[in-house]
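Step one of this worksheet: look at the structure below.
Convention: sequence-line order gives letters A, B, ...; per-chain numbering from 1.
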Amino acid sequence: MASFQRQPAERLVKPSAIAPALLDWYDRHARTLPWRVASSDLAKGIRPDPYRVWLSEIMLQQTTVAAVKGYFEKFVTTWPTVGDLAAATDDSVMAAWAGLGYYSRARNLLAAARQVNEAGGFPADAAGLKALPGVGDYTSAAIAAIAFDEPVAVVDGNVERVASRLAAIEVPVKTAKKQIQTVVSCITPAVRPGDFAQAMMDLGATICTPKRPACALCPVNAYCVAFKEGPDPTTLPVKLPRKARPARLAGAYVAERSSDGAIMLVRRPASGLLGGMAGPYLTDFSSRHDGATGEDAAPFAGDWIDCGTAEHGFTHFQLTLEVMSARIDGEPALPDGAFWCPRDELIHAALPTVMKKAIAAAIPNAFHA
DNA sequence: TAGCCGTGGTC
DNA sequence: TGACCAAGGCT
């Protein structure tokens, strides 16, 4: 019966032995990443810069390490300190973030930078950090552990997977958050909590992977209930089936001014899909309904030419854009938020990937030189 | 609370 | 090739 079932944390094999084994592995196999401080420097007492830790953690939310690296380097080169970032313009930050996705992160990033700069520095504990916009349970714990040596449980998707397997948690992760939190708290050490957190994430990324975990190479396989007793680690964590992604349709209109080749862009509202970002005029659509297409739905009259379609997948729907283009001779009344972007500034505009696809469908070499 | 919010890589 | 996924947070 469920009441006689031992709690996951109690099923752990020698919980106090896990952190030492994992840290020993981490000392030999830690990934070298731009936002990390070398272990030799850590040994000298050099602490990670909270600004760089925070910036990297925001960028890494639901985003791969490979995708983040270049953006991180660009940001810390352009804005080496939180004060530099706080002084940046909204447009420059949105443009620098363009292509990385989840654009509310960029707006929250800038708001938080200004808040921190005003306060004279970052909050030095998880509770204070969580009050910053864009910083939730995971990110506040990660920054507190890595930058401020606070022994808090850091639970992200990797850690959920590792903990689910270590304690053989067979209930769906969605309903096991608290159990997982308890398991991770139970094995988080008082010393080197930041390295431990990063070791758990490295383990999840390189050994305890979702599909084909390399259990034979795992430094903590001796303490892994799923590995030793089952169920098969690849079946954990238990995830509920996702809902199907609906398909949506909308019109995209690329207007080129014939006098100088400038492209009409529209700045989108600050909130919602692609909030604060620019792109060609799109007809109104959402995850729930299609937008209008065709010549009649154009922002103004003109010789609109059919340029085919552009496809783009969002998290919860698939979008097909029916792209049209026109060369504009006069000065038509522009829709709200629209402006002419000089052709040589197009590359530097805050254009999300889906917008670049739409423009490229109309002007194939738009981003080549 | 469950839906909203991007993108590119992997198999 | 399409489904799944990767260091979540906000409302």
Quiz item: Rounding to a whole Å, what distance do you find between A:Lys69:NZ and C:dA6:C1'?
Solution: 14 Å

Exercise. Give A:Leu274 one of three labels, base, sugar-phosphate or nothing, depending on what nucleic acid heavy atoms sit under 4.0 Å from its own.
Key: sugar-phosphate

Exercise. Under 4.0 Å between any heavy atoms, over every strand shown, what does A:Leu33 touch: base, sugar-phosphate, or nothing? Just pick one.
Key: base

Practice problem: Could you pick out which residue, A:Lys174 or A:Val354, lies toward the 5' side of DNA chain B when each is mapped onto its nearest nucleotide? | Solution: A:Lys174

What donor-acceptor contacts under 3.5 angstrom involve side-chain atoms of residues 183-199 of chain A, with partners at least two apart or in another chain?
unit_1: A:Ser185; atom_1: OG; unit_2: A:Gln181; atom_2: O; d: 3.0
unit_1: A:Thr188; atom_1: OG1; unit_2: A:Val184; atom_2: O; d: 2.7
unit_1: A:Arg192; atom_1: NE; unit_2: A:Asp195; atom_2: OD2; d: 3.0
unit_1: A:Arg192; atom_1: NH1; unit_2: A:Asp27; atom_2: OD2; d: 3.3
unit_1: A:Arg192; atom_1: NH2; unit_2: A:Asp27; atom_2: OD1; d: 2.7
unit_1: A:Arg192; atom_1: NH2; unit_2: A:Asp195; atom_2: OD2; d: 2.9
unit_1: A:Gln198; atom_1: OE1; unit_2: A:Arg36; atom_2: NE; d: 3.0
unit_1: A:Gln198; atom_1: NE2; unit_2: A:Gly194; atom_2: O; d: 3.4

Practice problem: Send over the distance from A:Leu240 CG to B:dG3 C1', rounded to a whole Å. | Solution: 15 Å

Exercise. Specify the residue among A:Gln198 and A:Lys130 whose closest nucleotide of DNA chain C lies further upstream toward the 5′ end.
Key: A:Gln198

Practice problem: Using a strict 4.0 Å threshold on nitrogen-to-oxygen distance, state whether A:Lys177 and A:Glu160 make a salt bridge. | Solution: yes

Quiz item: Are the aromatic ring centres of A:Phe75 and A:Phe72 under 6.0 angstrom apart?
Solution: no

Expected rows: protein N/O vs nucleotides 1-5 of chain C N/O, under 3.5 Å:
unit_1: C:dC5; atom_1: OP2; unit_2: A:Arg242; atom_2: NH2; d: 3.2

Exercise. Give the rounded distance in Å between these two atoms: CD of A:Glu160 and P of C:dG8.
Key: 9 Å

Quiz item: Does the side chain of A:Glu57 pick up a donor-acceptor pair with the side chain of A:Tyr138 at under 3.5 Å?
Solution: yes

Practice problem: May I ask you to evaluate whether A:Gln62 reaches the phosphate of C:dG8, defined as a side-chain N or O under 4.0 Å from OP1 or OP2? | Solution: yes

Quiz item: If each of A:Gly134 and A:Arg31 is mapped to the nucleotide of DNA chain C with the nearest heavy atom, which maps nearer the 5' terminus, i.e. the 5' end?
Solution: A:Arg31

Quiz item: How would you label the contact of A:Trp97 with the nucleic acid (heavy atoms, under 4.0 Å): base, sugar-phosphate, or nothing?
Solution: nothing

Quiz item: Heavy atoms under 4.0 Å, any strand shown: does A:Arg288 hit a base, just sugar-phosphate, or nothing?
Solution: sugar-phosphate

Quiz item: How far, in whole Å, is C:dA6 from B:dC5 if one measures between their C1' atoms?
Solution: 15 Å

Quiz item: Nearest of C:dG8, B:dT7, B:dG3 to any side-chain atom of A:Thr353?
Solution: B:dT7

Self-check item: Pairwise P distance for C:dT11 and B:dG6, with rounding to whole Å
Solution: 14 Å

Quiz item: Does the side chain of A:Arg105 come under 3.5 Å of the side chain of A:Thr63 through a donor N or O and an acceptor N or O?
Solution: yes

Quiz item: Given atom OH of A:Tyr103 and atom P of C:dG8, what is their separation to the nearest angstrom?
Solution: 17 Å

Quiz item: Please give, in whole Å, the distance from C:dG9 C1' to A:Leu60 CG?
Solution: 15 Å

Quiz item: For A:Ser287, which contact category applies under a 4.0 Å heavy-atom criterion: base, sugar-phosphate, or nothing?
Solution: sugar-phosphate

Quiz item: Are the charged groups of A:Asp84 and A:Arg114 less than 4.0 angstrom apart, N to O?
Solution: no

Quiz prompt | C1' atoms of C:dC5 and C:dT1, separation to the nearest Å | solution = 16 Å

Exercise. Check if the side chain of A:Thr63 and the base of C:dG8 share a donor-acceptor pair of N or O atoms closer than 3.5 Å.
Key: no

Quiz item: Counting just side-chain N and O atoms, does A:His312 come under 4.0 Å of either OP1 or OP2 of B:dG6?
Solution: no

Practice problem: Whole angstrom is fine here: how far is it from NE2 in A:His316 over to C1' in C:dG9? | Solution: 15 Å

Quiz item: A:Asp91 and A:Thr89: side-chain donor and acceptor closer than 3.5 Å?
Solution: no

Quiz item: Got a donor-acceptor pair under 3.5 Å from the side chain of A:Thr64 to the base of B:dG9?
Solution: no

Quiz item: Under 4.0 angstrom, heavy atoms only, what part of the nucleic acid is A:Lys243 near: base, sugar-phosphate, or nothing?
Solution: sugar-phosphate

Quiz prompt | Rounded distance (Å) that lies between atom P of C:dG9 and atom CE of A:Met59 | solution = 16 Å

Quiz item: Within the pair A:Tyr102 and C:dA6, is there a side-chain N or O less than 4.0 Å away from OP1 or OP2?
Solution: no

Exercise. Report which part of the nucleic acid A:Gly99 touches: base, sugar-phosphate, or nothing (heavy-atom distance under 4.0 Å, all strands).
Key: sugar-phosphate

Quiz item: Atom CZ of A:Arg105 and atom C1' of B:dG6: how far apart are they, to the nearest Å?
Solution: 8 Å

Quiz item: Which part of the nucleic acid does A:Arg107 contact within heavy-atom distance under 4.0 Å: base, sugar-phosphate only, or nothing?
Solution: nothing

Quiz prompt | A:Arg257 side chain vs A:Met264 backbone, donor-acceptor pair below 3.5 Å | solution = no

Quiz item: Using 4.0 Å as the upper bound for N to carboxylate O, is an ion pair formed by A:Arg327 and A:Asp303?
Solution: no

